[in-house]
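Order of the sequence lines sets the chain letters (A, B, ...), proteins ahead of strands, with each chain counted from 1.
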Amino acid sequence: MYDNLNNEQKEAVLTTQGPVLILAGAGSGKTTAIVNRIAHLIKDLGVYPSQILAITFTNKASQEMKNRVKNLIGEDAINMWVTTFHASCVRILRREIDKLGYTKNFIIYDTYDQKTLIKDCIKELGINDKEITDKEIKNKIGEAKDNLISPDEFKNINQGNYRNNKIADAYLLYQKKLKLNNAVDFDDIICKTVELFIKNPEVLSFYQRKFKYVMVDEYQDTNKAQYELVYLLAKEHKNICVVGDDDQCIYEWRGANIRNILDFEKDYPGTKIIKLEQNYRSKSNILNAANGMIVKNHNRKDKTLRTEKEAGDKIKIYKAYSDINEGSFIAGQIKKLIDQDGKNLKDFAILYRTNAQSRIFEDSFNRIGIPYRILGGLKFYDRKEIKDILSYVKFLYNSSDDVSLRRIINVPKRSIGDTTVAKLQEFASNLDIPLFEAIDFINQDEKFSSRNTTALNKFYQMILNLKSKTELSVPELITEILKDTGYLEELKKSPDVEDRSRIENLEELVSAAAQFDESSEDKSLEAFLEKVTLVSDIDNYDETADTVVLMTVHSAKGLEFPVVFMVGMENGLFPGTSSFDNIEEMEESRRLCYVGITRAKELLYMSHATTRTVFGRTSSYAISDFIEEIPKDLKIYIGEETPVYHKMVKEDSVHSLRSLYKTDLKDKVETVIKHKDDGKAIPGQKVKHIKFGVGTIIKADSDGNCVKLTIAFDNMGIKTLMLDIAPLEFI
DNA sequence: ACCGTCGCCATTTTT
DNA sequence: TGGCGACGGT
């Protein structure tokens, strides 16, 4: 039955009892292994599907897993919990959250709602928002929640710390407000579930008995809270199987703890370790390049991926003389590969570290007419108009949701301005009731003018009327909202072209809702809201659409492409400047690069530009250390080694740019040359500073006359110095 | 209540 | 450079 699996995969499928750690390298067929393991449990061992819990991080991954299990065992699969961490926790919380003092119709706040609420807290506590920003508070709260630190504990830990103490107050208030609004944030979804289990042993026991077999995918990216959740659930039966690859841990900056996977055997005595080291994805040169660079990391489990595939082409390293040149080179290569090698558009992926880098490629692709899609950046559900309408939906579902109420109360304009809302807020706070309820009482209060009360009452009536329509199907309800609130009408009246696309987006929202209504089992409002708040951009990535795709390396995890272009491979960009400061970050960056390389099946290009525009100024960076770390015989340099200024002049004449642009470029060329002649002040150059000691230039910024150097000193961290005045010596 | 301008600030983001 | 949020003037 499992003849198409290799020996290790078979072992992973057949080892069902006790803790199992499957170290699955990139492209090693881990999903195949898990899916077959589930089938084996159900078909051969008679385990009920309802006794299996399989957790992933993304909807896309869970969808794929569910479908593949369905193909193997049929419709039985629907009783199985194959979901994301968040979706499974929400499911549990929907049933049990009243035990924590919330009501079951709680809603989920996304990061924007979260930000609004935190700003409220800042205001209410009189915190100086210049001194402690909402961003910092949000990060600290998130970090605390990732590590299961409650507001009270946080306050305790930070007794002596003035700054964190204020943040602790914000955390306390924030949590209180969430509860008042009957809302949870993303992090709460996990940690409230853990809290629920700890405070209610009988609830925990129920789920422990239910789930005889627990499986977790991408285990290397779990944080403390997720670790604890899994640990609690698996404690009873100890049939826990985690799958992961420590080399692909790229979310440490978001609380993922690589120790979870590195120490798994210690946490679960008697662990059986299975390594999947056979790679089925990449040509051997690509795989060996990945292997060759990742061994530079110290914090990892020892393993080496192997492949039976042919060597294939060497990694092509392209040295561009500018970011624009990098873009046009790649556009040209894609065109060439399509015309000459019969490749399709969808075979290509451009991977970068930061979203901002997409722009230049968009320009070059537009110029020569290459269709492309960008993943990431602004999500569909994050668009203003979509969020507005969804706030209405959320609010109709849960009228304690003050954050949503305040978002929509004056959208479209209905003469309820900030001052009126502030008055209402104060009034409601005094009575300790939600804003909406408060509107019912304002008529008796003389603080409100008759203009206020009319406007508010009108709004109140409108909402009541809409509330009576919540029994409609979701697409119908949304249509009603668009109509009754006058939202659509206002957009239609607007002469602004942007509002045109807003209307289109709203139409798309209605069709998305219609599609949800057709295809989902649970067609309820709450199911829709959950779906909408818990989707990501990548979930909607359709791999069959024939266009080139652009995305960050992070988003590309789990995907594969025949041809991959890793761009912006420069010290200071990838790895980023701050990675030079500490080893952990550098190692994570290297893992990110590893993830990028291992996305490629047949061809891999890595490019770097000697000059690029960053924040409006021209900077130059040295080639990425990560490229240097790839063994020499696996790569080939295809950029011409012509001096910078020649290339620039040539580019001018070839593209016959506007004369203005020409002079501009020439100026830049001259500055670059001048400084190079002056003092070798280019990235990659080793220097000695009179005070800071030895270091390496990682970035050179030229701004008219002076050059700013960013230097990573061996013992002093990163400093930015002026070339003209810094006591530097080139060594 | 609304609009324009100024100044600040820049990773990565599975949910 | 450019996008966003805070602020001040009408």
Side-chain angles (χ1 to χ4, degrees), chain A residues 55-63 83-90 108-112 114-116 119 129-130 133-135 138-139 142 145-146 184-191 217-223 225-226 248-256 323 351-357 359-360 375-379 381-382 384 410-421 451 455 530-539 541 551-559 568 572-579 585 588-589 591-593 595-596 612-619 703:
Chain A
I55 306 180
T56 61
F57 274 87
T58 66
N59 296 304
K60 192 174 160 58
S62 75
Q63 213 85 74
T83 53
T84 62
F85 267 104
H86 293 263
S88 46
C89 287
V90 168
I108 302 163
Y109 275 175
D110 63 21
T111 41
Y112 294 84
Q114 211 183 346
K115 197 175 166 189
T116 320
K119 280 188 177 168
D129 60 1
K130 296 250 154 44
T133 61
D134 51 302
K135 214 171 142 191
K138 189 185 142 264
N139 288 338
K145 287 183 175 181
D146 283 346
V184 296
D185 64 23
F186 283 139
D187 300 320
D188 274 344
I189 294 176
I190 312 292
C191 60
D217 192 15
E218 306 277 13
Y219 192 72
Q220 76 281 353
D221 287 327
T222 50
N223 61 29
Q226 288 155 339
Q248 292 187 65
C249 171
I250 54 174
Y251 285 102
E252 244 177 353
W253 53 274
R254 241 185 126 269
D323 43 2
L351 306 183
Y352 34 74
R353 202 181 66 94
T354 67
N355 282 123
Q357 287 165 261
R359 213 191 187 92
I360 286 167
L375 257 71
L378 192 59
K379 287 190 237 163
Y381 290 107
D382 283 346
K384 184 188 170 298
N410 202 30
V411 179
K413 304 261 162 0
R414 39 177 89 91
S415 319
I416 306 174
D418 290 346
T419 31
T420 316
V421 175
R451 255 172 76 186
E530 245 154 57
K531 197 181 155 123
V532 155
T533 17
L534 298 180
V535 284
S536 76
D537 227 32
I538 202 88
D539 295 330
Y541 168 60
M551 67 181 100
T552 60
V553 186
H554 278 94
S555 316
K557 194 170 75 163
L559 305 175
L573 243 193
F574 195 172
T577 320
S578 59
S579 296
E585 228 177 285
E588 173 148 323
S589 214
R591 289 193 293 268
L592 187 64
C593 183
V595 167
R612 78 169 58 234
T613 310
V614 183
F615 303 145
R617 56 175 28 139
T618 312
S619 303
D703 146 31

Trainee: If you take all heavy atoms of Arg353(A) and Thr552(A), which pair is closest and at what distance?
Mentor: O-CG2, 4.0 Å
Trainee: List the residues meeting ring pair (Phe, Tyr, Trp, His ring centres under 6.0 Å) with Tyr219(A), not counting sequence neighbours, and say none if there are none.
Mentor: Phe264(A)
Trainee: Can you list the residues that meet the ring pair (Phe, Tyr, Trp, His ring centres under 6.0 Å) rule with Phe57(A), with sequence neighbours excluded?
Mentor: Phe85(A)
Trainee: Answer with base, sugar-phosphate or nothing: what part of the nucleic acid does Ile55(A) contact at a heavy-atom distance below 4.0 Å?
Mentor: nothing
Trainee: With the criterion being N/O to N/O and under 3.5 Å, what pairs connect the protein with nucleotides 10-14 of chain B, and how long is each?
Mentor:
from    : atom 1 : to        : atom 2 : distance (Å)
dT11(B) : O4     : Ser578(A) : OG     : 3.0
dT11(B) : O4     : Glu585(A) : OE2    : 3.1
dT12(B) : OP1    : Asn355(A) : N      : 3.2
dT13(B) : OP1    : Thr552(A) : OG1    : 2.5
dT13(B) : OP2    : Asn355(A) : OD1    : 3.2
dT13(B) : O2     : Arg254(A) : NE     : 2.6

Trainee: Could you classify dT12(B) for me, syn or anti, using a glycosidic angle within 90° of 0 as syn?
Mentor: anti
Trainee: Taking 5' to 3' order, which nucleotide of DNA chain C is first and which is last to have an atom within less than 4.0 Å of a heavy atom in chain A?
Mentor: dT1(C) to dA6(C)
Trainee: List every contact pair, protein side and nucleotides 4-7 of chain B side both N or O, where the distance is under 3.5 Å.
Mentor:
none

Trainee: Ignoring hydrogens and geometry, is there a side-chain-to-backbone donor-acceptor pair from Asp217(A) to Thr56(A) under 3.5 Å?
Mentor: no
Trainee: Closest heavy-atom contact between Phe186(A) and Leu534(A)?
Mentor: CE2-CD2, 3.7 Å
Trainee: So which heavy atom on Val535(A) is nearest to which on Lys379(A), and how close?
Mentor: O-NZ, 4.2 Å
Trainee: How would you list, by chain and number, every residue that makes a salt bridge (charged side-chain N to carboxylate O under 4.0 Å, His left out) with Lys60(A), sequence neighbours excluded?
Mentor: Glu543(A)
Trainee: Give the minimum heavy-atom separation between Arg414(A) and Ala455(A), together with the two atoms involved.
Mentor: O-CB, 3.9 Å
Trainee: Heavy atoms only, 4.0 Å cut-off, all strands: where does Arg359(A) land among base, sugar-phosphate and nothing?
Mentor: sugar-phosphate
